[in-house]
Amino acid sequence: MLANRIALVTGAASGIGESIAKTFAQSGAHVAVSDLNQNSCNQVIKNLINSKHHMAIEIDVTQKDSISNAVEKMTKRFGKPPDIVVNSAGIINRAPGKNMIPMPLLKVG
């Protein structure tokens, strides 16, 4: 399904991003596991199917140069820029429910 596609997944050192990276790898994609912590990315790579087909990249999605450098490294390694980009990077701000601001509902279509 995703054979030989190149995927960049940010926030892939844990949680949802890690699960997405694993799913892409199982589907045949070459995955760039990226996060703020290179060592955590390296650990995720070890657990991916065909681990030699993937790469770990330290990235800060708040910095344009960091993103550009990641894409450049991917292009050098895989021979082309990513076909798929999933931005799963984020932080959790734990707060009691009464203090959370609800997201507005979006009308689609």
Side-chain angles (χ1 to χ4, degrees):
M1 183 192 307
L2 295 176
N4 299 316
R5 298 286 189 177
I6 311 300
L8 169 61
V9 182
T10 68
S14 64
I16 294 169
E18 181 178 2
S19 293
I20 292 168
K22 286 180 180 178
T23 301
F24 283 171
Q26 290 169 346
S27 296
H30 300 282
V31 183
V33 173
S34 64
D35 208 294
L36 285 171
N37 186 316
Q38 178 78 34
N39 291 331
S40 296
C41 293
N42 292 336
Q43 289 301 317
V44 170
I45 292 289
K46 289 179 184 179
N47 295 318
L48 295 182
I49 189 168
N50 298 320
S51 63
K52 293 181 181 179
H53 294 179
H54 313 294
M55 67 185 296
I57 301 176
E58 185 174 327
I59 191 170
D60 181 347
V61 297
T62 67
Q63 302 298 315
K64 185 177 179 179
D65 288 343
S66 183
I67 298 166
S68 296
N69 289 337
V71 171
E72 186 177 311
K73 288 177 185 177
M74 289 180 69
T75 302
K76 184 175 181 180
R77 166 77 188 277
F78 297 122
K80 64 178 186 171
D83 300 301
I84 304 163
V85 178
V86 177
N87 183 21
S88 183
I91 59 170
I92 293 176
N93 183 10
R94 297 182 192 268
K98 66 180 183 176
N99 294 339
M100 294 198 161
I101 301 169
M103 296 293 290
L105 294 176
L106 300 177
K107 185 175 180 180
V108 179

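One is the number of the first residue; the rest follow in order along the sequence. Since the model is a prediction, treat every value here as computed from it, not as a measurement.
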Tell me whether [X] contacts the main-chain N or O of [Y] through its side chain, where contact means a donor paired with an acceptor under 3.5 Å.
X	Y	value
His53	Gly28	no
Ser34	Glu58	no
Thr10	Ala89	yes

Among Lys76, Arg77, His30, side chain to side chain contact (heavy atoms under 4.5 Å, CB included) partner for Met55: Arg77

Among Leu48, Leu2, Ile6, side chain to side chain contact (heavy atoms under 4.5 Å, CB included) partner for Phe24: Leu2

Do [X] and [Y] belong together in a cluster built from hydrophobic side chains that touch within less than 4.5 Å?
X	Y	result
Ile49	Ile84	no
Phe78	Val71	no
Val85	Met74	yes

Audit row: Asn42, Gln38, side chain to side chain contact (heavy atoms under 4.5 Å, CB included) steps and yes/no: CA-CA 6 Å; Asn42 292 336; Gln38 178 78 34; 3.3 Å; yes

Please round to the nearest 0.5 Å and tell me the distance separating atom [atom1] of [X] and atom [atom2] of [Y].
X	Y	atom1	atom2	value
Asn37	Asn39	CG	CG	5.5 Å
Leu8	Ile67	CG	CD1	9.0 Å
Cys41	Leu36	SG	CG	8.5 Å
Asn50	Gln26	CG	CD	10.5 Å

Pairs satisfying salt bridge (Lys or Arg N to Asp or Glu O under 4.0 Å), at least one member in residues 15-31, at least two apart: Glu18-Lys22

Qualifying salt bridge (Lys or Arg N to Asp or Glu O under 4.0 Å) pairs, either residue in residues 27-40, two or more places apart: none

Smallest separation among heavy atoms of Ser66 and Asp60, with atom names: OG-N, 2.8 Å

Contact check, side chains of Val9 and Val33, non-hydrogen atoms, under 4.5 Å: no

Side-chain heavy-atom pair Thr23, Ile20 within 4.5 angstrom cut-off: no

